[in-house]
Amino acid sequence: MNDQSEDKELDAQSLMQQFEDVDEVLTEHFQGEMSERQDEWRVSVENLALPVWNGEILPALKANAVASNKTKADFHDQWLRTWKLTMDLFQAVHNHGTFEKKPWYFWEHQDYDFLRANDATRGIEIDKGALLDVAAGYLSRPEIRSNKFDWILMDSIVFQELDAYTYHVVNSKSGTGANWAAIFAGTSHSKYRVLQLLFWPIGIALCYVAPAAFAYWLATNDYHKMAYGVIGFWGLSLLLRLVGFPARWRARKKSTKILTQMLDMYRILGNSVISPTKLKECLEKAAAVGAVFDGALFSLVDRMAARDATAFIPSQIG
């Protein structure tokens with residue numbers, strides 16, 4: 001029995017050495033390619049992407065290849081595919097490497113701030129289409145999966161949807177009007193609160209007081225027909241606002257519920273130890289109230305829960 005264990009250990013060590021040799025050759029090749037580029041992309045890849053690749057994604061790829069008893073040729077193919085997907089993922093969360101705002105990390109779980117929706121100064125700028133293309137390519141090759149890649153995809157996909165929906169709910173009031181306080185406040189919460197207090201009476205004055213005052217002025221200056229027209233227009237607008245109030249209220253209520261569920265799910269992804277069962281339940285609840293996520297997210301969560309329904313550790317090699 002001990003002899004068999006020793007033989008397996010020697011086989012694993014031999015495989016790992018073969019994979020190390022493949023890694024050395026391919027790494028040297030791609031480092032040579034990158035050295036020819038003298039731009040921000042090369043600097044960002046070297047400083048931000050390579051530490052994640054060398055520290056978490058590549059070790060998981062090697063460990064899984066050894067555990068699956070892959071050949072040297074198999075590992076060569078997996079290395080190339082995983083490298084390409086890793087670089088594509090880095091580009092997808094940083095707007096294809098255009099770097100309008102210089103990134104300072106590959107990917108981190110984001111601190112939620114409703115005033116910073118669609119804010120490129122956070123060091124990320126997600127291209128949704130490119131991100132989902134990476135997810136599709138990654139899911140089509142289950143042998144190259146790793147905890148870190150799983151987590152980056154899930155966290156970035158959920159955040160992209162949360163970020164876009166937050167902008168819809170906050171800045172456009174769920175499609176029912178403009179939130180001028182949010183538009184002019186920038187990222188300042190104190191400024192936002194002040195503007196809310198300021199714009200509320202201004203809105204009341206413009207919608208309800210100003211038309212009546214203007215009609216009164218017209219009437220007192222013998223512009224009676226114009227005064228009647230203003231009063232009629234004002235009355236019609238008030239009627240439309242009154243009739244549309246229930247629909248606006250329902251839209252805002254539904255949007256708030258969806259946003260709450262999405263935020264609850266995103267907070268779970270920020271934990272150092274994630275419960276796949278709880279995450280799956282939260283995803284299903286969000287979808288049930290109307291949140292829209294790509295099928296790739298459901299596939300990632302389902303696969304994670306199938307492997308281990310009790311715990312998922314993003315930083316764990318595997």
Side-chain angles (χ1 to χ4, degrees), residues 52 55-57 60 85-86 89-90 92-94 103-119 122-128 130-132 134-136 138-139 142 144-170 174 189 253-318:
V52 175
E56 297 176 273
I57 295 176
L85 284 170
T86 302
L89 178 58
F90 184 69
V93 296
H94 298 294
W104 53 86
Y105 49 78
F106 188 130
W107 180 261
E108 291 181 358
H109 185 78
Q110 303 296 303
D111 293 327
Y112 179 75
D113 184 343
F114 67 89
L115 288 180
R116 297 196 70 183
N118 290 350
D119 180 8
R122 294 169 297 191
I124 57 170
E125 191 173 351
I126 301 174
D127 183 322
K128 180 180 177 180
L131 180 62
L132 296 180
V134 172
Y138 175 71
L139 285 165
I144 66 174
R145 69 150 301 279
S146 65
N147 284 17
K148 187 66 173 185
F149 214 112
D150 276 358
W151 177 80
I152 293 177
L153 277 175
M154 289 187 293
D155 199 78
S156 57
I157 289 172
V158 173
F159 180 75
Q160 189 278 325
E161 295 293 351
L162 173 64
D163 200 48
Y165 201 72
T166 296
Y167 189 86
H168 167 71
V169 172
V170 175
S174 305
H189 284 260
K253 183 180 179 182
K254 181 181 179 180
S255 297
T256 301
K257 191 173 183 180
I258 292 173
L259 186 61
T260 300
Q261 289 293 338
M262 293 174 76
L263 185 55
D264 287 345
M265 181 170 57
Y266 189 64
R267 284 172 175 155
I268 292 175
L269 287 166
N271 296 331
S272 57
V273 179
I274 297 169
S275 166
T277 301
K278 189 174 181 181
L279 180 63
K280 186 174 181 179
E281 290 174 354
C282 206
L283 174 59
E284 290 171 348
K285 286 181 181 178
V289 298
V292 178
F293 292 105
D294 188 82
L297 178 63
F298 291 89
S299 297
L300 286 164
V301 173
D302 286 344
R303 187 172 72 174
M304 179 179 66
R307 291 184 71 252
D308 186 348
T310 57
F312 173 81
I313 303 174
S315 61
Q316 187 177 60
I317 302 299

For Ile268, is there any backbone N or O sitting under 3.5 Å from a side-chain donor or acceptor partner on Asn271? yes
For Pro276 versus Ala305, what's the shortest heavy-atom pair and its separation? CB-CA, 3.8 Å
If you take all heavy atoms of Phe293 and Val158, which pair is closest and at what distance? CE2-CA, 4.2 Å
Of the options Arg267, Glu161, Lys285, Lys257, which is the one that meets Met262 in a side chain to side chain contact (heavy atoms under 4.5 Å, CB included)? Glu161
Supply the atom-to-atom distance Ile124 CD1 to Phe159 CZ, rounded to the nearest 0.5 angstrom. 4.5 Å
Side-chain heavy-atom pair Phe312, Trp151 within 4.5 angstrom cut-off: yes
Are the charged groups of Asp111 and Arg122 less than 4.0 angstrom apart, N to O? no
Distance in Å, Glu56 CD paired with Gln316 CD, rounded so as to fall on 0.5 Å steps: 11.5 Å
Taking the side chain as every heavy atom from C-beta outward, state whether Leu131 and Ser156 have any pair of such atoms under 4.5 Å apart. yes
Is there a side-chain contact between Tyr138 and Leu300, using heavy atoms and a 4.5 Å cut-off? yes
Donor-acceptor contact present, side-chain Thr277 to main-chain Ala309, <3.5 Å: yes
Supply the atom-to-atom distance Asp150 CG to Met304 CE, rounded to the nearest 0.5 angstrom. 7.5 Å
At their closest point, which heavy atom of Val273 faces which heavy atom of Ala311, and how far apart are they? CG1-CB, 4.0 Å
Charged N to carboxylate O below 4.0 Å: is that the case for Arg116 and Asp119? yes
Evaluate whether atom OH of Tyr105 has more than 12 neighbouring non-hydrogen atoms of other residues, nucleotides or ligands under 6.0 angstrom away. yes
Beyond-backbone contact of Val93 with Gln160, side-chain heavy atoms, under 4.5 angstrom: no
For Ser255 and Val169, work out which heavy atoms get closest and say how close. CB-CG2, 3.8 Å
Stepwise side chain to side chain contact (heavy atoms under 4.5 Å, CB included) check, Ile144 with Ile57: CA-CA 9 Å; Ile144 66 174; Ile57 295 176; over 6 Å; no
Do the two ring centres, one from His94 and one from Phe106, sit under 6.0 Å apart? no
Looking only at the side chains, is there a donor atom on one of Tyr112 and Asp163 sitting less than 3.5 Å from an acceptor on the other? no
Can you tell if the side chain of His109 reaches within under 4.5 Å of the side chain of Tyr266, non-hydrogen atoms only? yes
Side-chain H-bond candidate by donor/acceptor type, Arg145 with Asn147, under 3.5 Å: yes
Could you tell me if the side chain of Leu259 sits less than 4.5 Å from the side chain of His168, heavy atoms only? no
Note, Leu263 side chain near Leu162 side chain (heavy atom, < 4.5 Å): yes
Smallest separation among heavy atoms of Val134 and Leu89, with atom names: CG2-N, 3.8 Å
Between Lys128 and Asp294, is any pair of side-chain heavy atoms under 4.5 Å apart? no
Closest approach of Val289 and Ile258, non-hydrogen atoms and distance? O-CG1, 3.4 Å
Using atom types as modelled and distance alone, determine if a side-chain donor or acceptor of Glu125 lies under 3.5 Å from a backbone N or O of Gly123. no
